[in-house]
J.: 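Before I ask anything, here is the structure I am working with.
Order of appearance sets the numbers: ligands from 1, and atoms from 1 within every ligand.
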Amino acid sequence: MTDELREACGVFGIVGRRDAAALTAEALFSLQHRGQESAGIAVLDDDGIHLHKGMGLVHEVFGADDILQLKGYSAIGHVRYSTTGASRPENAQPLYVRSHLGPFALGHNGNLVDAQAARDRLERQGAIFQTTTDTEVVAHLMARSQGGSLEAAFQDALTQLSGGYAFTLLTPNGVLGARDPFGIRPLVLGRLQGMPCLASETCALTAIGADFVREVEPGEVVQLDLMGDVHVLRPGDPAHEKLCAFELIYFARPDSRYGGESIYQARRRLGQQLAREAPAPADVVLGVPDSSLPAAEGYAAELGLRQELGLVKNRYVARTFIHPAQQSRESGVQRKLTVVAEVVRGRRVALIDDSLVRGTTMRHLTRLLREAGATEVHVRIASPRYLHPCHYGIDTSNRDELIAVAAGENALRGLIGADSLRFLSAQGVLRATGRPDHCLACFTGEYPVPVQDGEI
Ligand code: SF4
């Protein structure tokens, strides 16, 4: 993707392992793409719950000594990028709470659309918040629940809130996992030598050598007890699933699997579908590295064209989104991507990207390709026009910054300096992924969970 969207977070949990902290750290490394602002691990031993968290990447937050000191036999871990709540240390997760029902630690991926209303209500009732996250709303609701256990209080809190979420909860009895009723955010169940674990993506299971068992179903709450048994506390309903389409288009790692196939294969099929809907009069196909390369491969194969390495990414430049101002984003882009002139000189280029959010990088790339000698640049986007902000845990920043909102397709083509510009259709996304439904709200404006706190 040229103008990066930011995933909210990644979660992990495991029970019954003496090396729970080390396994969790390993899992968090593999989930790093889901959040780079902070990382944390909470472990459970006979003395209670112990926590280490901080700002930065996993390897910056956890040295070998930190992991050794986190002794325990069950753990949850979290990597965060803030979509609600500022980027500051107290908002790092897991969130640790001592309640009248016992201690617990909570990790959260996603967004609760009614969290602000719940927070206002709780504050009127005297609740004092330590963070600005919506996750703490769940903690306060749990602390006030009349449910006789942490497990009951957790479910009680979830029934009072809605949104797109995946939670892990560490209690003295093990680890709970929960997914929102539409399964907008992913959560999978695995097993490592008999002991169960939970993760945002299967790449975390692979990283620790665990086997994939199944996806946690939409609306399901599971408990992994300390003996390694998995209990379904609240059954889910797969018929309601509307997994975030952007997990398949961009966020998830290509070596993760969902619905029985790899994300890489899904992206390749998005490219093939795009080629069927919008073939370009091109001599060569280029993908914007890295996330768009599978779609470019599918696009080229479908049209019998060659995909070549025409764009090179400098991996050691800070990610463009880190710069808050548009101007510094532009300079970040210039340092980040360069053109292999021999690939494009004198040729018509089909340039494939997986989405077009702000348009900054694409404008720059079309110019670079022409300067390198491309005779035509046809831009093809392997997702529909991004027109509506996400309220379920993906930072789409300000609606005014979404380039597709501001202009029709032809004006957009002019803005990014392309000879032609086409997008994949929403129906095409469903056709390519082969799943009956997805959340497609940022393309269609049809939000599966009504938005209360935010403005559509
Ligand atoms: S609105 Fe878009 S980014 Fe947000 S959950 Fe739905 S598909 Fe994903």
J.: Distance under 4.0 Å to a non-hydrogen atom of I184: what atoms of ligand 1 satisfy this?
T.: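 Those atoms are 5 (S).
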J.: Would you say the rings of H388 and F443 are close, in the sense that their centroids are separated by under 6.0 Å?
T.: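 Not close enough - the centres of the two rings lie 6.0 Å or further apart.
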J.: Counting backbone and side-chain atoms alike, is an N, O or S atom of C390 positioned under 2.8 Å from atom 4 (Fe) of ligand 1?
T.: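 C390 does place an N, O or S atom closer than 2.8 Å to atom 4 (Fe) of ligand 1.
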J.: What atoms in ligand 1 come closer than 4.0 Å to a heavy atom of A245?
T.: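 Answer, ordered by atom number: 7 (S).
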J.: I want to check a possible cation-pi pair here: R179 against F167, using under 6.0 Å from ring centre and within 45° of the ring axis as the test.
T.: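 No.
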J.: Do side-chain atoms of Q93 reach the backbone of R80 as a donor and acceptor pair under 3.5 angstrom?
T.: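 Looks like no, no N/O pair under 3.5 Å.
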J.: Show the atoms of ligand 1 that are less than 4.0 angstrom away from any heavy atom in C244.
T.: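 So the answer, numbered in order with elements, is 3 (S), 5 (S), 7 (S), 8 (Fe).
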J.: Short list, please: which atoms of ligand 1 are under 4.0 Å from a heavy atom of C439?
T.: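 Near C439, the atoms of ligand 1 are 1 (S), 5 (S), 6 (Fe), 7 (S).
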J.: Which atoms from ligand 1 have a heavy atom of A441 less than 4.0 Å away?
T.: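 So the answer, numbered in order with elements, is 1 (S).
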J.: Are F29 and F62 close enough that their ring centers fall under 6.0 Å?
T.: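 No.
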J.: Which of the atoms in ligand 1, numbered in the order shown and given with their element, are less than 4.0 Å from a heavy-atom of C442?
T.: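 In order of numbering, the contacting atoms are 1 (S), 2 (Fe), 3 (S), 7 (S).
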J.: Within the side chain of R380, is there an N or O that forms a donor-acceptor pair under 3.5 Å with the backbone of A278?
T.: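 Yes.
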J.: May I ask whether G164 places a heavy atom under 4.0 Å from ligand 1?
T.: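 Contact absent.
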J.: For N91, which of T135, T133, T132 qualifies under side-chain hydrogen bond (donor to acceptor under 3.5 Å, both in side chains)?
T.: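 With N91 as partner, side-chain hydrogen bond (donor to acceptor under 3.5 Å, both in side chains) holds for just one option, T132.
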J.: Could you tell me whether the side chain of L337 reaches within less than 4.5 Å of the side chain of P289, counting heavy atoms only?
T.: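 Yes, at least one pair of side-chain atoms sits under 4.5 Å.
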J.: Tell me which part of R185 gets within contact of ligand 1: side chain, backbone, both or neither, using heavy atoms under 4.0 Å.
T.: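 It is the side chain that gets close, since no backbone atom is under 4.0 Å.
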